[in-house]
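Note that the numbering runs from 1 along the sequence shown for the chain. Since the structure is predicted, the reported quantities are computational estimates derived from the model, not experimental observations.
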Amino acid sequence: MANRKSESDWTTDMAIRAAWMSFVGGATQGEIADRLGVSSAKVHRLIAHAQREGLVRFRVEGRPTDCLELEDEIIAAFGLSSCLIAPDLGPCDEQAAIGAVAEVASQHLANLLSNASVTQVGVGMGRTLKAAVEAMPRIQRPDLRVISISGSLTRKLSANPFDVVQQMVERTGGEGYYLPVPYLAESIAEKEIFLKQKSVQSMLELARKSDLFVIGIGSIEDEGHLVRRGLISAEEQDKLRRDRACGDLMGRFVDLNGKLVPNALGEQAVGLHFDEVRGRRVIALVGGDGKRNATLAALRTGVITDLVLDEQLARGLSGELSGRKLKTA
């Protein structure tokens, strides 16, 4: 007896057929409706379903010349191996910037992870990184290992919504490994307890062996995910500001000169220190001009080798480099 498709499978199959007819074949919704034997309204819903489920993707080849010139400037200023700038989408808001970076970074990551020489990738977390992974086209890399390089939980031991291991596994078909501890422990003593666990030691050792690392750059400002998700308290945020911290790089807090700030909170991070990946390939994704100082601080550590960012942020960095708006630490 033939297997019967579920309603969900039927809808997906029909959505794929409708999308092919529309975007590849150039058929109108009325023509598609006639061929599939459904109403035009149904065709509209099927195509919307295909787009919503990521079954249809659009790519714009190339980037404007002024973005390419900015890339060269930033590469030279920070000694990077590469820099990719996502063009402005129009509205200068953070969400638009993150969306633009995600579009550029998603294809870049897919290309990198399609290379058979990459068998293991160490991943951090953050909103821009999460958006990029969610936008990645699917590739077939069942041999790929995806490893958390930072604690995968919040301080309340709930799942961190910006951990990207599962999403990257879904996009690649690989195998995911989580670090089952908080991003920041409640105290240094608690961190030491975590680090004594054999499973944590094994995961960190495995993470160190990654072929490349993909990370976000965190801000300590009100709009940053550390504050929004309660990973740091208001009191800790105030103390970081007094200590002149500008950003978070893999759970450690740095000033505008890229130096660690004298703040105990960074010592409570459970995961790889950025010094442990120095000299390796480290790709940072960041979106939004509100991350300008955090990005400068992270770049000045000398750890990041490849950068993907939005045009407005890139122009802000260029202004800082030229001394027009230079802020001192």
Side-chain angles (χ1 to χ4, degrees), residues 58-109 111 124 126-133 135 214-228 241 244-249 253-259 282-329:
F58 301 93
R59 286 185 63 191
V60 179
E61 295 292 346
R63 296 185 303 286
T65 301
D66 47 357
C67 285
L68 302 180
E69 292 171 351
L70 271 173
E71 291 171 4
D72 290 341
E73 178 184 349
I74 291 171
I75 287 170
F78 296 103
L80 302 178
S81 296
S82 72
C83 176
L84 296 174
I85 294 174
D88 281 343
L89 298 182
C92 295
D93 61 64
E94 184 182 47
Q95 200 55 47
I98 290 174
V101 174
E103 185 61 31
V104 171
S106 61
Q107 189 61 52
H108 185 52
L109 290 177
N111 291 340
R127 284 179 294 168
T128 308
L129 178 53
K130 182 180 176 66
V133 173
V214 185
I215 64 172
I217 296 174
S219 166
I220 62 169
E221 301 307 317
D222 291 344
E223 67 275 9
H225 80 271
L226 290 177
V227 175
R228 284 185 175 183
R241 285 171 168 166
R244 311 187 86 167
C246 288
D248 157 39
L249 187 64
F253 300 94
V254 292
D255 64 20
L256 196 57
N257 294 317
K259 305 297 183 184
V282 179
I283 303 164
L285 313 183
V286 58
D289 194 47
K291 292 278 188 76
R292 188 186 307 181
N293 281 356
T295 304
L296 274 172
L299 288 169
R300 286 170 174 164
T301 66
V303 170
I304 294 167
T305 62
D306 303 75
L307 181 67
V308 188
L309 72 166
D310 65 278
E311 185 176 355
Q312 186 183 18
L313 174 54
R315 294 194 182 283
L317 294 181
S318 178
E320 298 283 358
L321 293 172
S322 68
R324 291 194 296 269
K325 301 177 183 175
L326 188 63
K327 299 181 179 67
T328 58

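- Nearest heavy-atom pair across Gly288 and Asp310 is N-OD1, 2.7 Å.
- In this structure, Leu299 and Leu80 have side chains that are in contact, with non-hydrogen atoms separated by less than 4.5 Å.
- One finds a salt bridge joining Glu94 and Arg127 here, because a Lys/Arg side-chain nitrogen approaches an Asp/Glu carboxylate oxygen to under 4.0 Å.
- Evaluation of the side chain to side chain contact (heavy atoms under 4.5 Å, CB included) rule for Asp289 yields Arg292, Gln312, Leu313 as partners, not counting sequence neighbours.
- Gln107 pairs by the side chain to side chain contact (heavy atoms under 4.5 Å, CB included) definition with Arg59, Ala110, Asn111, Pro137, not counting sequence neighbours.
- Inter-residue side-chain proximity for Cys246 and Val254 is flagged as unmet; no heavy-atom pair is nearer than 4.5 Å.
- The heavy-atom pair separating Ile220 from Ala245 by the smallest distance is CD1-O, 3.2 Å.
- When Val308, Val286, Leu84, Ile85 are each tested for a side chain to side chain contact (heavy atoms under 4.5 Å, CB included) with Val101, only one passes: Val308.
- Between Asp66 and Arg315 there is a salt bridge, with a side-chain nitrogen of the basic residue lying less than 4.0 Å from a carboxylate oxygen of the acidic one.
- Closest heavy-atom contact between Ile304 and Ala298: CD1-CB, 3.8 Å.
- Closest approach of Thr295 and Leu317 over heavy atoms only: CG2-CD1, 4.0 Å.
- Of the inter-residue distances, the one linking Cys67 atom SG with Asp72 atom CG reads 11.5 Å to the nearest 0.5 angstrom.
- Between the side chain of Glu311 and the main chain of Asp88, a donor-acceptor pair closer than 3.5 Å is present.
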